[in-house]
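Take a look at the structure set out below.
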Amino acid sequence: MKLRAQSRILSHVVLLVYVVIVVFPLLFVFISSFKNNTEIFNDPWGLPSRLSWDNYANALSSSHIGTYFVNSLYISIVSTVTTILLSTAIAYAVTRMKFPTLSKLVLGLLLLSILIPPASLLIPLYIMIKDFGIYNTPFALMIPYAAFGIPLTTFVIAAFLKSMPTELEEAGIMDGLSTYGLLGRIVIPLTMPTLVTVFILNFIGNWNEYILANLFLSNQELRTLPVAVVSFADKFNMNYGALTAAITISVVPVIIIYGILQKQIIEGVTAGSVKG
Amino acid sequence: MNKILRNRVAYMVFVVPALVLYITFYLIPLFKSLQYSVTSWDGITAPVYNGVDNFIRALSDEKFWVAFKNNIYFVLFSVFIQVPIIIVVSILVSGVKRLLDFYKLTVFMPSILSTASIAVIWQFIYSPDAGLLNQILKAAGLETWTRLWLGDEKTAFLSVLVTNGWQWTGFYIVLVLAGIFAIPKEILEAGEIDGAVGWRKAWLLTIPLIRPVIVVTMLLSITGAMKALDIVLIMTNGGPFGSSEVMATYMYQQAYALGDFGYANAIAIIITVFTAILSLIYHLVNKKTSKEAEY
């Protein structure tokens, strides 16, 4: 028994070291954001001498971080909702409707996506976006984001539908519901927990996306947060105070939301990866 | 009943929009990429067919090989350094009762932050003067170890790998942890009665039983390593002197810095083929191991 207690303490020590490695860099950035540059250089470990919001004022006034926040928010929401509506419909059609051969073909086509890394589609996508005339508009991100989310989201929803008994739908048909009625009034309400999971999964992915956002928008006003953070880093090169403040502004909202929705987020993100 | 579920129009309404979007933005770009990869093209004038020249060029392009090797280092780092850490930490977490949720919450956190923020945070950590890493080394009296982490050819890529590890290790820990908690209690109890405790238990029981989830972890880290792009692009942009270039960043430079779209697409195809082969191998291995691991 004594051995067990010892090994348990050892486990906690190792885990706490790991936790420190994860948290300390974030904390260091957060604390630095309240210091001025001299303090950051001369007293890197200490707490700031006074709680100064200068860095934040500096970061906020010299940029449009509010605009970027709103851009990220509506682009992520519109593309996520589009992905989920389209994926629910297709998942319902291929798992429930009686067109087995066609449905197999559709799923097989979607399955191809597993083999294709999106990064390798970057150049043709860039050319298509320009050809479609949506370069430098929010659609340049919303449409590809919505499209990239479809395969995985469809698989997750289809897997859930397959595990769901069909009795309620049969009862719905008895009550005279149409194909659309079945989807809207029975399937979607029953699938809600899964839909929340895939919403979170897609939303986080879109919210954090950098490469397309950097490449397909050149207008500063349209920027999303990840692009803005990187451009801050270039702009505030030696001004560590303002840089750490900008990082904090971009990271804190995500951490707060994570604190509130941790269970769903962990479930959503891990479910997505495994199914993929 | 069947009439409702054989409604052709409804089927089309449900399937076509998603499929059109998917094909337009997923499959068509892939075919276009294939098309462009056999051309010489500056992105402005018409592409000129040049056969497999681009692929031959890649084979003899030293910089491409540096990038390719870095992708391989990326894979090796994930498989031989990250995965063991993931397994050890997961087993430790699964053994504690107190603070379990706290550990899970904290280790998972970096994987929901944007790679852009993380790359910038670590640029700050690695920065020469005010950076956390050099400050720690100075405080520990290891002044001679301090260096320009991201500006030194020897350390730049390793620094990026560490950052990537910091971002994703916790995510995999939570994944493996779910696998450990899914093991039926009876099996573990039976093992304990037979004398499997501590590391013996982990080695002889837990690890073999979670093999499927370990395989998934390996697969995800390998494909992740093959397509790595944004973290390298932001932290080092492939530098210094191309020493931290990976295939995807090299492709990006060829297209957007040098305007060589034909060659860039050939590299894109090489990335796709490699990722596809590795994924296929692992899906096959995964199928086999999950059969073996049935209990």
Side-chain angles (χ1 to χ4, degrees), chain A residues 7-8 11-12 14-15 18-19 22-23 25 28-29 40-41 44 86-87 89-90 92-93 96-99 106 110 113-117 119-121 123-125 128 144 146-147 150-151 173 178-180 204 208 210-211 226 229-230 233 240 243 247 250-251 254 258 262 265-266 270 273-274, chain B residues 1-2 4-7 10-11 14-15 17-19 21-22 25-26 29-30 32-33 89 92-93 95-96 103 105-110 112-117 120-121 123-125 129-130 132 135 170 174-175 178 198 216 220 227 229-230 234 248 255 261 264-265 268 271-272 275-276 279:
Chain A
S7 83
R8 204 172 299 145
S11 300
H12 279 292
V14 174
L15 290 169
Y18 191 91
V19 166
V22 169
V23 174
F28 189 73
V29 167
I40 292 178
F41 278 92
L86 296 177
S87 305
I90 200 169
Y92 169 69
R96 286 299 202 256
M97 293 181 75
K98 312 278 180 204
F99 299 93
V106 171
L110 289 176
S113 67
I114 288 178
L115 302 177
I116 310 168
S120 67
L121 305 178
I123 299 158
L125 214 54
M128 278 170 68
I150 287 173
I173 293 173
S178 69
T179 325
Y180 308 100
I204 292 178
N208 288 340
Y210 170 77
I211 297 288
V229 168
V230 174
Y240 291 109
L243 175 59
I247 296 173
S250 77
V251 164
V254 182
Y258 175 58
Q262 36 167 307
I265 290 177
I266 291 179
T270 45
S273 73
V274 180
Chain B
M1 146 120 208
N2 280 337
I4 301 262
L5 293 178
R6 277 187 217 275
N7 183 339
Y11 191 80
F14 292 152
V15 170
L19 218 51
L21 201 58
Y22 166 72
F25 287 90
Y26 233 118
L30 182 68
K32 289 235 165 136
S33 194
V89 176
L92 286 179
V93 177
V96 302
Y103 289 134
L105 181 71
T106 337
V107 302
F108 194 78
M109 191 166 61
I112 54 146
L113 302 179
S114 70
T115 304
S117 307
V120 171
I121 289 175
Q123 263 181 337
F124 177 64
I125 291 173
D129 305 311
L132 182 58
Q135 298 277 12
V174 171
L175 204 65
V216 170
L220 290 175
K227 59 193 184 196
L229 172 58
D230 42 7
I234 300 166
F261 282 72
N265 273 300
I271 299 173
T272 309
T275 317
S279 310

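Only heavy atoms go into these numbers, but all of them, side chains included; no hydrogens, no water, no symmetry mates. Numbered from 1 within each chain, the chains take letters A, B, ... in sequence-line order.
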Least distance between heavy atoms, B:Lys227 atom then A:Ala119 atom: O-CB, 4.2 Å

Rounded to the nearest 0.5 Å, the CZ atom of B:Phe25 sits from the CG atom of A:Leu121 at a distance of 11.5 Å

Chain A shares the most heavy-atom pairs under 4.5 Å, among B:Leu92, B:Thr115, B:Val89, with B:Leu92

So how far is it from A:Leu86 CG to B:Leu21 CG, rounded to the nearest 0.5 Å? 6.5 Å

Where does B:Leu132 contact chain A at under 4.5 Å (heavy atoms): side chain, backbone, both or neither? both

Please examine the side chains of A:Leu243 and B:Val120, heavy atoms only from C-beta on, and report whether any two atoms are closer than 4.5 Å. yes

Please state whether the side chain, the backbone, both or neither of B:Tyr11 comes within less than 4.5 Å of a heavy atom of chain A. both

Which distance, rounded to the nearest 0.5 Å, do you find between the CG of B:Leu19 and the CG of A:Leu110? 6.0 Å

Whether A:Asn208 side chain and B:Ile112 backbone form a donor-acceptor pair below 3.5 Å: yes

Per-residue contact mode, B:Gln135 against chain A (heavy atom under 4.5 angstrom): both

From A:Leu15 CG over to B:Thr106 OG1, what is the distance, rounded to the nearest 0.5 angstrom? 9.5 Å

To check you understand the geometry: which heavy-atom pair defines the closest contact between A:Val229 and B:Ala116, and what is its length? CG1-O, 4.4 Å

Among A:Pro117, A:Ala146, A:Ser250, A:Pro226, who wins on heavy-atom pairs under 4.5 Å with chain B? A:Pro117

Selection from B:Leu229, B:Thr275, B:Ile271, B:Leu113 maximising heavy-atom pairs under 4.5 Å formed with chain A: B:Leu113

Taking side chain as everything from C-beta outward and backbone as N, CA, C, O, which of these in B:Leu105 sits under 4.5 Å from a heavy atom of chain A? Side chain, backbone, both or neither. both

Determine the minimum heavy-atom distance between B:Tyr22 and A:Pro151, stating which atoms define it. CE1-CG, 3.5 Å

Examine whether an atom of A:Ile116 lies under 4.5 Å from a heavy atom of chain B, and if so say whether it belongs to the side chain, the backbone or both; otherwise answer neither. both

Nearest heavy-atom neighbours spanning B:Pro29 and A:Met128: CG-SD, 3.8 Å

Inter-residue atom distance A:Ser113.OG - B:Leu30.CG, 0.5 Å rounding: 11.0 Å

Non-hydrogen side-chain atoms of A:Tyr18 and B:Tyr103 separated by less than 4.5 Å: no

Set of residues satisfying side-chain contact (heavy atoms from CB on, under 4.5 Å) with respect to A:Thr179, sequence neighbours excluded: A:Tyr92, A:Met97, B:Ile4, B:Asn7, B:Ala10, B:Phe14

With heavy-atom distances below 4.5 Å as the criterion, would you say the side chains of A:Tyr210 and B:Ser114 are in contact? no

How many angstroms lie between NZ in B:Lys32 and CG in A:Leu125, if you round to the nearest 0.5 Å? 10.5 Å

Region of A:Val230 in contact with chain B, defined by heavy-atom distances below 4.5 Å: both

Contact part of A:Ile211 toward chain B, heavy-atom cut-off under 4.5 Å: side chain, backbone, both or neither? side chain

